[in-house]
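Worksheet: the structure to be examined is printed underneath.
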Amino acid sequence: MFWKLRLLWWRMDKAALAFAGFFGVVIGALVFAFTLVVAQRDSDAERLREFHARSLDCLARNVYYEARGESLLGQYAVAEVTMNRRASRFYPKTVCEVVFQREAFSWTSLRDIEEPEGPAWQRAVRVAEDVYYQRRPATMKGVTHYHATYVQPDWSKERRQVARIGKHVFYR
């Protein structure tokens, strides 16, 4: 039996066998490369989803802690100021970096702060999503500063007041 296989091997056209082997290796390499590309794309998409989720959470927390007692218009204004800062070359490039920039927003320096919850948190999340995804026209273009009406920071003298909404004064 073994000698029959040996004879078949010597009679066989080896070029066709070599081509089939080469073709199998190429197809295998392409399938492997495609699998790697798809895995990388999925990984990149997941990282992007996580980045946007973190950004939305930071923006919603800022709206919640800075303006939860304000009108909807006031909450939108605070969210827009945060996003205007992110878009400005003078501020950090991510929403979370803007929110947690040293001394940017008063609530970030508090140690004991309650977790956001309830209807006020749900409202802050909706406001953050609307502003983050630009679902509504911006009303505070170029506005990068605000403060509560009960304080008068030194920087407010150097800026132009553009609006007063609830308990906040907004500046360009």
Side-chain angles (χ1 to χ4, degrees), residues 19-148 155 162-163 165-168 170-172:
F19 177 76
F22 177 75
F23 188 72
V25 168
V26 167
I27 293 299
L30 288 174
V31 167
F32 180 72
F34 179 74
T35 303
L36 289 178
V37 167
V38 168
Q40 181 64 41
R41 187 194 67 196
D42 290 347
S43 173
D44 290 348
E46 181 59 29
R47 274 197 307 277
L48 187 61
R49 275 191 297 277
E50 289 171 5
F51 172 78
H52 287 302
R54 276 193 314 276
S55 296
L56 274 169
D57 184 67
C58 289
L59 185 58
R61 284 175 184 271
N62 202 43
V63 170
Y64 180 82
Y65 291 119
E66 288 284 314
R68 72 176 156 215
E70 295 291 325
S71 68
L72 199 54
L73 184 61
Q75 290 186 4
Y76 276 113
V78 166
E80 285 185 40
V81 166
T82 308
M83 294 303 288
N84 289 345
R85 285 186 178 190
R86 191 209 52 81
S88 170
R89 63 186 172 104
F90 299 111
Y91 291 91
K93 291 298 169 203
T94 69
V95 174
C96 291
E97 288 173 344
V98 165
V99 169
F100 291 101
Q101 186 180 18
R102 193 170 163 261
E103 298 180 14
F105 299 104
S106 58
W107 70 270
T108 59
S109 62
L110 300 175
R111 286 204 168 94
D112 293 328
I113 193 165
E114 79 280 358
E115 275 298 305
E117 63 182 15
W121 172 243
Q122 293 167 355
R123 185 175 172 188
V125 168
R126 278 193 312 275
V127 167
E129 288 173 344
D130 287 348
V131 172
Y132 189 83
Y133 292 118
Q134 300 173 348
R135 294 180 184 154
R136 63 185 299 275
T139 58
M140 306 296 279
K141 290 185 185 201
V143 176
T144 56
H145 289 74
Y146 69 89
H147 65 78
W155 56 258
V162 294
I165 304 171
K167 295 179 182 165
H168 288 104
F170 295 84
Y171 298 85
R172 264 199 192 91

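These figures come from a predicted structure and were not determined experimentally. The analysis underlying the following values was restricted to heavy atoms, covering all of them including side chains, and did not include hydrogens, waters or symmetry mates.
- When all heavy atoms of A124 and A60 are compared, the pair lying nearest together is CB-O, 3.6 Å.
- In summary, K167 and E66 do not engage in a salt bridge, as defined by a charged side-chain N under 4.0 Å from a carboxylate O.
- In terms of heavy-atom proximity, V98 sits nearest to P92 at CG2-O, 3.5 Å.
- Two residues are said to be in side-chain contact when any heavy atoms from C-beta on lie closer than 4.5 Å; R54 and D57 fail this criterion.
- Y64 carries R68 over the face of its six-membered ring, with the cationic atom under 6.0 Å from the centre and within 45° of the normal.
- In the displayed structure, K93 atom NZ is contacted under 6.0 Å by more than 12 heavy atoms of other residues, nucleotides or ligands.
- Once rounded to the nearest 0.5 Å, the distance linking OG1 of T82 with CG of L59 reads 5.5 Å.
- With a 4.5 Å cut-off on side-chain heavy atoms, T139 and Y76 do not count as touching.
- Using a 30° and 60° split on the angle between ring planes, W155 and H145 fall in the tilted class, from 30° to 60°.
- Between the side chain of Q75 and the backbone N or O of A67 there is at least one donor-acceptor pair closer than 3.5 Å.
- Under a 3.5 Å cut-off, the side chain of R172 and the backbone N or O of K141 do form a donor-acceptor pair.
- Inter-residue side-chain proximity for D44 and L48 is flagged as unmet; no heavy-atom pair is nearer than 4.5 Å.
- Within the 4.5 Å cutoff, no side-chain heavy atoms of T144 are placed close to those of F90.
- Within 6.0 Å of CD in E50 there are more than 12 heavy atoms belonging to other residues, nucleotides or ligands.
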- Under the ring pair (Phe, Tyr, Trp, His ring centres under 6.0 Å) criterion, do Y65 and W121 qualify, and how do the steps go? CA-CA 9 Å; Y65 291 119; W121 172 243; 7.8 Å; no
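- To the nearest 0.5 Å, atoms CZ (F105) and SG (C58) are separated by 11.0 Å.
- In the displayed structure, E46 atom CD is contacted under 6.0 Å by more than 12 heavy atoms of other residues, nucleotides or ligands.
- Between E129 and R126 there is no salt bridge, since no side-chain N of the basic residue sits under 4.0 Å from a carboxylate O of the acidic one.
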- Intermediate values then yes/no, side chain to side chain contact (heavy atoms under 4.5 Å, CB included), Q40 and V37: CA-CA 5 Å; Q40 181 64 41; V37 167; 5.8 Å; no
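- Using cut-offs of 30° and 60° on the angle between ring planes, the pair Y133 and H52 is tilted.
- Interatomic distance, OG of S71 versus NE2 of H168, reported as 10.5 Å (0.5 Å rounding).
- Put simply, OG1 on T108 and CD on Q101 are 9.5 Å apart, with the number rounded to the nearest 0.5 Å.
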- Using the side chain to side chain contact (heavy atoms under 4.5 Å, CB included) rule, take N62 and V78 through it: C-alpha gap first, then chi angles, then the decisive distance, then the call. CA-CA 8 Å; N62 202 43; V78 166; 4.2 Å; yes
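- Within the structure, no pair that satisfies the salt bridge (charged side-chain N to carboxylate O under 4.0 Å, His left out) test touches residues 95-111, not counting sequence neighbours.
- At a cut-off of 3.5 Å, with distance as the only test, a side-chain donor of R47 or S43 sits close to an acceptor on the other residue.
- W107 places a side-chain heavy atom less than 4.5 Å from the side chain of V99.
- When the shell of 6.0 Å around CZ of F32 is examined, it contains 12 or fewer heavy atoms from other residues, nucleotides or ligands.
- Contact of the L72 side chain with the V127 side chain is registered, since non-hydrogen atoms from C-beta on lie closer than 4.5 Å.
- Scanning both residues, A77 and I165, for their nearest heavy atoms gives CB-CD1, 3.8 Å.
- N84 places a side-chain N or O within 3.5 Å of a backbone atom of V143 that can act as its donor or acceptor partner.
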- Message: Applying side chain to side chain contact (heavy atoms under 4.5 Å, CB included) to E80 and M83, what does each step give before you reach the verdict?
- Response: CA-CA 5 Å; E80 285 185 40; M83 294 303 288; 5.7 Å; no
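- Nearest heavy atoms, A163 versus M140: CB-CE, 4.2 Å.
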